[in-house]
Amino acid sequence: MKISRLVLCFPLLLALPKGSFGQAVPQASSGYPVATVGGQPISEEELLETLGPQQSMQLRMQEYEAKSKALDSLIRLKLVQAEAKKRSISAEKLVEQEVESKVADPTDGEVEAYFWGQNRAGDTFEQMKDQYRASLKQLKLQKARQVYADSLRAKIDVAVLLRPPSVTVAYDPARVKGDSPKPRSPLSSSQTFNAPIARRARAVCTKSSPSTAAE
């Protein structure tokens, strides 16, 4: 099966060997040495502390975004493979039937608009028309593959467990202004009954009660 026909959005999958899909990716430990100086190790944790919290968070966000894009592509690939298995056909055949056969060739107007949108100096439309037509067709196919794969989510349960990096904010009393609020004890039943709102309510009830007026 040709993986290149099944990759739906992320080019990185083309570079991965087939065996890598079943292998676990080794996780880097925060204590793993990234360098040694005179035999003394420098850990990844020390490196991140040197970068500071802002740069460390930026790196973690970049890593998360890259993983998220790759994960979206893998999910689409698995969805197409599952649907193909259900129909007892190859994934390549499924994509050909449901996507590629339904995507029309770009019109001359679409190709020309795409050409001028690239703003390539020195090129004329007539010279580059066929090249841009082929490029635009590939873009349309890529978009159609993504849309079709995403539509298969309704047929299969998909749970994304990848989470964005979070920041733990510690409580620092030195940065809190004013006195710390004192905890309030709950009111007793007598205190609740004698509260101002309760007293006003009793007064209204007393005035409006017929039995009270008769007395």
Side-chain angles (χ1 to χ4, degrees), residues 1-30 32 34 44-45 47-48 51 53-107 110-111 113-115 117-120 131-169:
M1 181 173 57
K2 297 180 181 179
I3 297 298
S4 60
R5 298 289 297 276
L6 299 179
V7 174
L8 304 177
C9 72
F10 200 58
L12 177 60
L13 294 180
L14 293 173
L16 293 176
K18 293 182 180 179
S20 65
F21 290 103
Q23 298 175 357
V25 178
Q27 300 293 326
S29 172
S30 59
Y32 187 80
V34 294
E44 185 179 358
E45 184 178 1
L47 177 60
L48 293 176
L51 286 173
Q54 185 173 358
Q55 280 188 292
S56 296
M57 189 62 183
Q58 289 176 351
L59 288 175
R60 292 168 64 192
M61 282 301 301
Q62 290 173 2
E63 180 185 11
Y64 166 75
E65 290 169 0
K67 286 182 177 179
S68 181
K69 289 179 181 178
L71 181 59
D72 286 342
S73 182
L74 278 172
I75 290 173
R76 291 186 178 111
L77 181 62
K78 297 296 184 180
L79 287 169
V80 171
Q81 290 175 338
E83 181 67 15
K85 184 178 180 181
K86 187 188 302 182
R87 300 191 188 187
S88 299
I89 59 176
S90 67
E92 183 181 27
K93 188 66 175 179
L94 175 65
V95 172
E96 183 179 350
Q97 289 178 355
E98 298 295 334
V99 180
E100 296 179 358
S101 63
K102 300 178 181 180
V103 176
D105 292 333
T107 64
E110 290 175 331
V111 176
Y114 179 62
F115 169 79
Q118 302 305 304
N119 194 22
R120 291 280 297 273
Q131 179 180 336
Y132 275 85
R133 188 185 303 277
S135 298
L136 185 57
K137 178 64 177 291
Q138 289 302 314
L139 289 175
K140 293 178 72 174
L141 285 171
Q142 183 182 28
K143 179 63 176 178
R145 292 175 189 135
Q146 293 181 20
V147 171
Y148 174 71
D150 290 340
S151 70
L152 298 176
R153 283 176 175 256
K155 300 181 179 182
I156 303 177
D157 291 334
V158 177
V160 178
L161 306 179
L162 181 66
R163 293 290 179 265
S166 59
V167 179
T168 303
V169 180

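For reference, positions follow the sequence shown, starting with 1. The analysis underlying the following values was restricted to heavy atoms, covering all of them including side chains, and did not include hydrogens, waters or symmetry mates.
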K.L.:
Verify the neighbour count for atom NZ of Lys86: are there more than 12 heavy atoms of other residues, nucleotides or ligands below 6.0 Å?
P.N.:
yes
K.L.:
Looking at every non-hydrogen atom in both residues, tell me the closest pair between Gln118 and Tyr132 and how far apart they are.
P.N.:
CG-CE2, 3.3 Å
K.L.:
How long is the gap from OH on Tyr114 to NZ on Lys137, to the nearest 0.5 Å?
P.N.:
14.0 Å
K.L.:
Show the atom names and distances, to 0.1 Å, of all donor-acceptor pairs under 3.5 Å that link a side chain in residues 55-63 to residues at least two apart or in another chain.
P.N.:
{"residue": "Ser56", "atom": "OG", "partner": "Leu48", "partner atom": "O", "Å": "3.0"}
{"residue": "Ser56", "atom": "OG", "partner": "Gly52", "partner atom": "O", "Å": "2.8"}
{"residue": "Arg60", "atom": "NH2", "partner": "Ser166", "partner atom": "O", "Å": "3.2"}
{"residue": "Glu63", "atom": "OE2", "partner": "Lys67", "partner atom": "NZ", "Å": "3.1"}

K.L.:
With heavy-atom distances below 4.5 Å as the criterion, would you say the side chains of Val147 and Lys143 are in contact?
P.N.:
yes
K.L.:
Closest heavy-atom contact between Val111 and Pro106?
P.N.:
CG2-CB, 3.8 Å
K.L.:
Measure across Asp150 and Arg76 and return the closest heavy-atom pair with its distance rounded to 0.1 Å.
P.N.:
OD1-NE, 3.0 Å
K.L.:
Tell me whether Glu110 is salt-bridged to Arg133, with the criterion being a basic N under 4.0 Å from an acidic carboxylate O.
P.N.:
no
K.L.:
For Ala144 versus Val99, what's the shortest heavy-atom pair and its separation?
P.N.:
CB-CG1, 3.6 Å
K.L.:
Which value, rounded to the nearest 0.5 Å, describes the distance between Gln138 atom CD and Leu136 atom CG?
P.N.:
10.0 Å
K.L.:
Within this structure, what is the CG-CD distance for the pair Leu94 and Glu92, rounded to the nearest 0.5 Å?
P.N.:
11.0 Å
K.L.:
For Lys140 and Val103, work out which heavy atoms get closest and say how close.
P.N.:
CB-CG1, 4.0 Å
K.L.:
Could you grab the distance from atom OG of Ser88 to atom NZ of Lys93, nearest 0.5 Å is fine?
P.N.:
14.5 Å
K.L.:
State which residues pass side-chain hydrogen bond (donor to acceptor under 3.5 Å, both in side chains) with Arg87; sequence neighbours excluded, sorted by chain then number.
P.N.:
Glu83, Glu98
K.L.:
Under the side chain to side chain contact (heavy atoms under 4.5 Å, CB included) rule, what do Lys78 and Ile156 come out as? Steps first, then yes or no, please.
P.N.:
CA-CA 10 Å; Lys78 297 296 184 180; Ile156 303 177; over 6 Å; no
K.L.:
Considering non-hydrogen atoms only, spot the tightest contact between Leu79 and Arg153 and give its length.
P.N.:
CD1-CG, 3.6 Å
K.L.:
Mind checking the OG-CG spacing from Ser68 to Asp72? Nearest 0.5 Å is all I need.
P.N.:
5.0 Å
